[in-house]
Each structure stands twice: as C-alpha cells, then as structure tokens.
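Here is how names work: the chains are called A, B, and so on, in the same order as the sequence lines, proteins then strands, and each is numbered from 1. On a predicted model such as this, the values are computed, not experimentally measured, just so you know.
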2 protein chains.
Amino acid sequence: MDIIDRKIISLLAQDARRSLSDIGGAVELSASAVNERIRRLTTSGAIRRTTVDADPQALDLPILAFVWIALAPGADEAAFRSYAAAHPSIAECHHVTGPWSYLMKIHVGSLAGIEAFLADMKEHGFLVRSETIIALSSVVDGPFILKEGMV
Amino acid sequence: MDIIDRKIISLLAQDARRSLSDIGGAVELSASAVNERIRRLTTSGAIRRTTVDADPQALDLPILAFVWIALAPGADEAAFRSYAAAHPSIAECHHVTGPWSYLMKIHVGSLAGIEAFLADMKEHGFLVRSETIIALSSVVDGPFILKEGMV
DNA sequence: GCGGTCATGGATATAATCGACCGCAAAATC
DNA sequence: GATTTTGCGGTCGATTATATCCATGACCGC
C-alpha cells in the first residue's frame, strides 16, 4: 500500500470505469501493472468492491434520516444485527459512544416510511426509545448504494 | 425507471464490474439493451457514478466519528459549505433538524485526528459548540469513498 | 396505419487479461 | 565485502473478453 496504490484508489473512487491504460497514464505505469495492483488491492481487501452511486430521488427515496436508538434491555443483539443487515432501508448502522446504543442512517420514501420503520423495529422487540433526525439538505452527500431487498 | 432499471442498478451496486451480458442474463435482456439502459440511467443522473468502496483500515483511517456542530452565529454559511465540501476528512455533512445545525461523518487516523479536525474548524471561525460521537463498531457499514485530497 | 420507443444481433473498436521475459534490491552465501 | 540467488514488480506483445455502434425489426399508443 504505497502512494501509487492510494492514487489508484482515489482515481477509481472518482470514476471506476476509467480504463487501465488511462489510469496507467496518470500514475506512470503500464496498464498491466495497474491491473496487477488493482487485483492485489482487491484480494487483500483494501478495495472492498466496485459499485454505483445512485440518486435516491430517482429511486423514490427522497428522505434521508438518522435514527438513534436505545436497544431494549435484554434484547437479542445478534438478532438485531442480522435484522439491521438485512433491512433494505438501513444504509448504515453503527454501535456508538454516548447515551444511545446505535445510530442508523436510513433512506425512505416519505415521512410515513419513517413511522413504519420505527413501528417495525418496535414490533420486533428491539426498540424502547429512539430519536429521529431528518436531513434537510446535504452539503456533502455520501454515496447511495441500493440494497438488494430494496428493488 | 422501471423495475428492470432498478434491478440493473441493484446488480451494479453489488458489483459494478459485472459484464453487460452477465447482467443481461439476470434481467433477460440482451447486452446491448442493458448497455443502452445504463447509458440512459447515467445521463439522466439516476446513476451518479461508478466508484470503489475502500477499506478505511487499509488506508490508515480506522476511526469513524459523527460530529454535531452548531454553526457560529453570523458564520458565513456558504464558506462553511465549500470548506466542508473540500475537507478530505468529511465524508458526509448534512443540515439537519433538531438542536444542532449540521451532522458530519468523518474518517480520521486517530483520536488526535478528531481534535485536530475540531481545532481546524474552530480556527476557521465556524464552530461554537460541538459534540462528537465515535463509532465503536459497524453493524452495517456504508461504503468508504476515498476523497481526492486524502491521497 | 404511423411515429416513437426500445430490443435484437452482428460487426467493430476498445479494453482487460495472460504469459514470457527483464531488472532491481534484499537476503544469503562464499 | 563481493557475489550469487531469489522474489517482487515491472514492461511488452498476443490473446481473449467486453463494450460500443449500427441497421433492422417488434411493439405500443395515438
């Protein structure tokens, strides 16, 4: 993982469809060498995957919200984790410091979608208390990766 | 934007390097048709870009934190926005509801990096008050896109 | 029936992949 | 300390796979 690898990752981050020879030109290496480096970065896990950043608006998911939750006492943490992993609306879910247990980032179609989301978690017995913060606008937007179950 | 377009986006989200004929097989369309759909999705903006999801650990940015900030009264919002957009550590920055002005997601190399980050914002005159939440672990991890200035 | 939209299939251009070979630098040996 | 060995990472050219383009044809709504 040298400076060239970083440069390659940075270039791919901007546009993963650039050709190997194009990238090679940018880092002064042959296409083959770049290919080999990308292969190594991928197998070592430094590059986790190549993906597409979609527009949530175009997919009818205009609402971005952050949900803090306190897990119900005695809740099955493992069950919660697989629930969160499989849930199509949950883009991220982090165990965090501070007064709450988890912070989740969710994409939904409407405010009703937030209500349904919270109700579903309550039904599953995970939720005792939560706080929802809605993003009004995004100065710097993270990529939106469509989850499998969301189709 | 029909169900096939969504399926294509979903397939690309999992692995943007799949071949057109491969995707064509999955959605029962020819490679050409898939190519044309992807072209349309890209020009219409439904697909914003193809990118690579990197491992922050591999890039020596093991710490993920969320920072709430209250913008200094009378601070130049436009200046703050361009500062945030250009800042290499800021993966996301959202204007949000609730008691704080902005919620930011940042990747740094160490706890000292958080301190430096906050100090820099204070120096720029944006910050009056902030609260930092550190992610201990991630149940569902968002993609990490290496920002240009981070190389 | 007509125009527009979208898919097909084959031809062509472009790009990725593979294999043989080379050079440098570090480790091992004399 | 000099020399050989070894392994990593590179280049180049050949091969294969893939994307792109184009002409044609089916389907749908008007």
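Spacing between atom CD of B/E28 and atom C1' of C/dC6 amounts to 17 Å, rounded to whole angstrom units. A/I23 has its CD1 atom 14 Å from the P atom of D/dG10, to the nearest Å. Atom-to-atom, CD of B/E36 to P of D/dT20 comes out at 11 Å; the value is rounded to the nearest Å. In this structure, the CD1 atom of A/I38 is 10 Å from the C1' atom of C/dA16, given to the nearest Å. Atom C1' of nucleotide C/dT5 and atom CZ of B/R40 are separated by 8 Å, given to the nearest angstrom. Whole-Å rounding puts the A/R39 CZ to C/dA15 P distance at 22 Å. What separates CG of B/L20 from C1' of D/dC21 is a distance of 13 Å, to the nearest Å. Taking atom CG of residue A/L29 and atom P of nucleotide D/dG9, one finds them 12 Å apart after rounding to whole Å.
A sub-4.0 Å separation between OP1 or OP2 of D/dG10 and a side-chain N or O of A/R37 is present. Here A/N35 does not reach the OP1 or OP2 of C/dA16: none of its side-chain N or O atoms lies under 4.0 Å away.
Residues meeting the ring pair (Phe, Tyr, Trp, His ring centres under 6.0 Å) test with A/H87, sequence neighbours left out: A/Y83, A/F117.
Surrounding CZ of B/R17 are at most 12 heavy atoms belonging to other residues, nucleotides or ligands under 6.0 Å away.
A/R17 comes within 4.0 angstrom of the backbone, heavy atoms only, and of no base.
Electrostatic pairing of A/K7 and A/D2 does not count as a salt bridge here, judged by no charged N lying under 4.0 Å from a carboxylate O.
Taking 3.5 Å as the limit, the base of C/dG9 and the side chain of B/S32 contain a donor-acceptor pair of atoms between them.
Of all nucleotides listed (D/dG10, D/dT18, C/dT8), C/dT8 comes nearest to the side chain of B/S30.
In this structure, A/T51 contributes its side chain and B/A13 its backbone to a donor-acceptor pair below 3.5 Å.
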